[in-house]
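Right, one structure below, let's go through it.
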Amino acid sequence: MTKLRTIYGKNKTAQQLQMQIKEAPRDANILITELDPDTWFQFYDYRDQMSCPGDLLNLFKSTSFKENAVYIASCECGVIVRNPYLSDLKVAITSAGIADRKIVDEAGLTVLLHGYTPKFLNDIGVNDLKKTTDSVDEINKCKAIISVQGFEGALPVVLAGLTSLPIVSVPTSTGYGVSAKGYTALNTSLSSCTSGISVVNINNGFGAGEAVVRILDVIGNES
């Protein structure tokens with residue numbers, strides 16, 4: 001199990017964040033969520049920026065690693081990687097498309113910094129069920145699912161009927177009208193007749209990642 005220290009970055013100054021970073025264990029990876037890039041770049045080089053967690057995954061696989069501090073633009077997170085360990089256990093992170101990219105990548109980043117491999121499936125929404133069903137074999141190679149969705153929020157409900165893997169649902173505020181800023185998607189997961197769905201708060205990609213990590217830590221310790 002890789003240690004991770006998480007810091008909520010919103011409304012904090014660069015000096016406050018630096019102090020919290022210094023207090024973190026030296027062998028722990030650090031994740032700063034909801035972080036304004038201007039704040040990050042007050043104490044780290046602006047060139048150390050990556051577009052998404054997939055770029056960071058390549059860094060984890062590098063054989064010549066040294067401590068890296070990078071800003072992940074897609075999910076507005078700052079990351080300090082001190083321990084690039086990667087387990088063989090994978091997490092499927094599913095969504096209907098790029099509208100929920102920020103939440104998807106926050107969840108994937110959390111999983112990755114704990115030492116597990118995120119597998120992103122970003123185009124399997126319920127508007128094209130053939131894509132969803134065609135992805136089941138790939139999903140079942142993983143040990144758990146994080147399902148991110150806005151609008152009516154049906155994706156985790158469908159997935160729960162197609163696979164026996166544990167599912168953590170992340171309702172998002174993507175949508176309009178009766179989507180009600182994520183409450184419709186939240187209620188869909190909470191009232192689903194398919195079993196095995198856990199639900200986190202609206203837009204809480206980090207919380208979903210942490211929930212799945214607890215499951216994988218148990219699996220890893222027993223294997």
Side-chain angles (χ1 to χ4, degrees), residues 31 50-61 72-77 86-175 179 182 185-186 188-189 192 194-200 202-216 219-220:
L31 170 63
M50 294 182 174
S51 61
C52 65
D55 295 337
L56 192 65
L57 181 58
N58 292 331
L59 178 66
F60 269 58
K61 295 176 179 178
I72 310 296
S74 64
C75 52
E76 300 175 358
C77 291
L86 262 184
S87 165
D88 292 333
L89 301 181
K90 297 180 180 180
V91 179
I93 303 181
T94 66
S95 68
I98 61 173
D100 291 319
R101 173 102 185 253
K102 180 179 186 294
I103 311 305
V104 166
D105 285 359
E106 183 180 277
L109 192 58
T110 303
V111 168
L112 178 60
L113 290 171
H114 272 288
Y116 298 108
T117 303
K119 174 67 177 177
F120 296 98
L121 297 103
N122 292 327
D123 188 23
I124 60 168
V126 296
N127 63 329
D128 188 346
L129 283 176
K130 187 177 187 305
K131 289 182 179 179
T132 308
T133 55
D134 285 349
S135 301
V136 171
D137 287 345
E138 194 67 26
I139 290 171
N140 280 333
K141 295 176 183 177
C142 302
K143 295 297 183 182
I145 301 169
I146 295 174
S147 181
V148 182
Q149 68 293 308
F151 285 89
E152 84 297 323
L155 181 58
V157 177
V158 172
L159 290 174
L162 294 173
T163 176
S164 61
L165 294 176
I167 298 176
V168 178
S169 169
V170 190
T172 74
S173 55
T174 302
S179 293
L186 173 65
T188 296
S189 289
S192 169
T194 51
S195 59
I197 300 176
S198 301
V199 190
V200 297
I202 297 168
N203 294 335
N204 190 7
F206 164 72
E210 286 290 318
V212 161
V213 163
R214 289 183 179 233
I215 295 170
L216 297 187
I219 293 172

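In this text the structure is predicted, and so the values were computed from the model without any measurement.
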| message | With heavy-atom distances below 4.5 Å as the criterion, would you say the side chains of Leu121 and Ile139 are in contact? | response | yes

| For Cys77 and Leu31, what are the C-alpha separation, side-chain angles and deciding distance, and is it a side chain to side chain contact (heavy atoms under 4.5 Å, CB included)? | CA-CA 7 Å; Cys77 291; Leu31 170 63; 3.8 Å; yes

| task | Could you check if a side-chain atom of Val126 sits within less than 4.5 angstrom of a side-chain atom of Glu152, using non-hydrogen atoms only? | result | yes

| request: State which residue, out of Thr117, Leu86, Val91, fulfils the side chain to side chain contact (heavy atoms under 4.5 Å, CB included) condition with Leu112. | output: Leu86

| Val158 vs Thr132, side chain to side chain contact (heavy atoms under 4.5 Å, CB included): CA-CA, chis, key distance, verdict | CA-CA 9 Å; Val158 172; Thr132 308; 4.2 Å; yes

| note | For Gly182 and Pro171 the tightest heavy-atom approach is O-CB, 3.9 Å

| message | Walk me through whether Leu109 and Cys75 qualify under side chain to side chain contact (heavy atoms under 4.5 Å, CB included). | response | CA-CA 9 Å; Leu109 192 58; Cys75 52; 3.9 Å; yes

| Closest approach of Val157 and Ser192, non-hydrogen atoms and distance? | CG1-OG, 3.5 Å

| message | Distance check, rounded to the nearest 0.5 Å: Tyr116 atom OH versus Cys142 atom SG? | response | 14.0 Å

| After noting the C-alpha distance and the side-chain angles of Val212 and His114, does the key distance pass the side chain to side chain contact (heavy atoms under 4.5 Å, CB included) rule? | CA-CA 10 Å; Val212 161; His114 272 288; over 6 Å; no

| note | Nearest heavy-atom contact between Val200 and Asn204 is CG2-O, 3.6 Å

| query | Pick from Leu155, Asp105, Asn203, Val104: which one makes a side chain to side chain contact (heavy atoms under 4.5 Å, CB included) with Val148? | reply | Val104

| remark: Checking Val136, Ile167, Leu165 against Leu159 for side chain to side chain contact (heavy atoms under 4.5 Å, CB included), the one that qualifies is Ile167

| remark: What one should report as the nearest heavy-atom pair of Gly108 and Pro118 is O-CG, 3.8 Å

| query | Between the side chains of Ser169 and Gln149, is a donor N or O closer than 3.5 angstrom to an acceptor N or O? | reply | yes

| Glu76 vs Glu106 side-chain heavy atoms within contact, under 4.5 Å | no

| said: Under 3.5 Å, is there a donor on one side chain and an acceptor on the other for Asp100 and Thr174? | reply: yes

| task | Could you tell me whether the side chain of Thr172 and the main chain of Gly150 form a donor-acceptor pair under 3.5 Å? | result | yes

| field | Test item: Thr133 side-chain N/O and Leu129 main-chain N/O as donor-acceptor pair under 3.5 Å | value | yes

| said: I'd like to know whether NZ of Lys90 has more than 12 heavy-atom contacts from other residues, nucleotides or ligands below 6.0 angstrom. | reply: no

| query | Would you call Thr94 and Ile146 a side-chain contact if the rule is heavy atoms closer than 4.5 Å? | reply | no

| query | Looking only at heavy atoms, which two atoms of Ala208 and Val170 are closest? And how far apart? | reply | CB-CG2, 3.3 Å

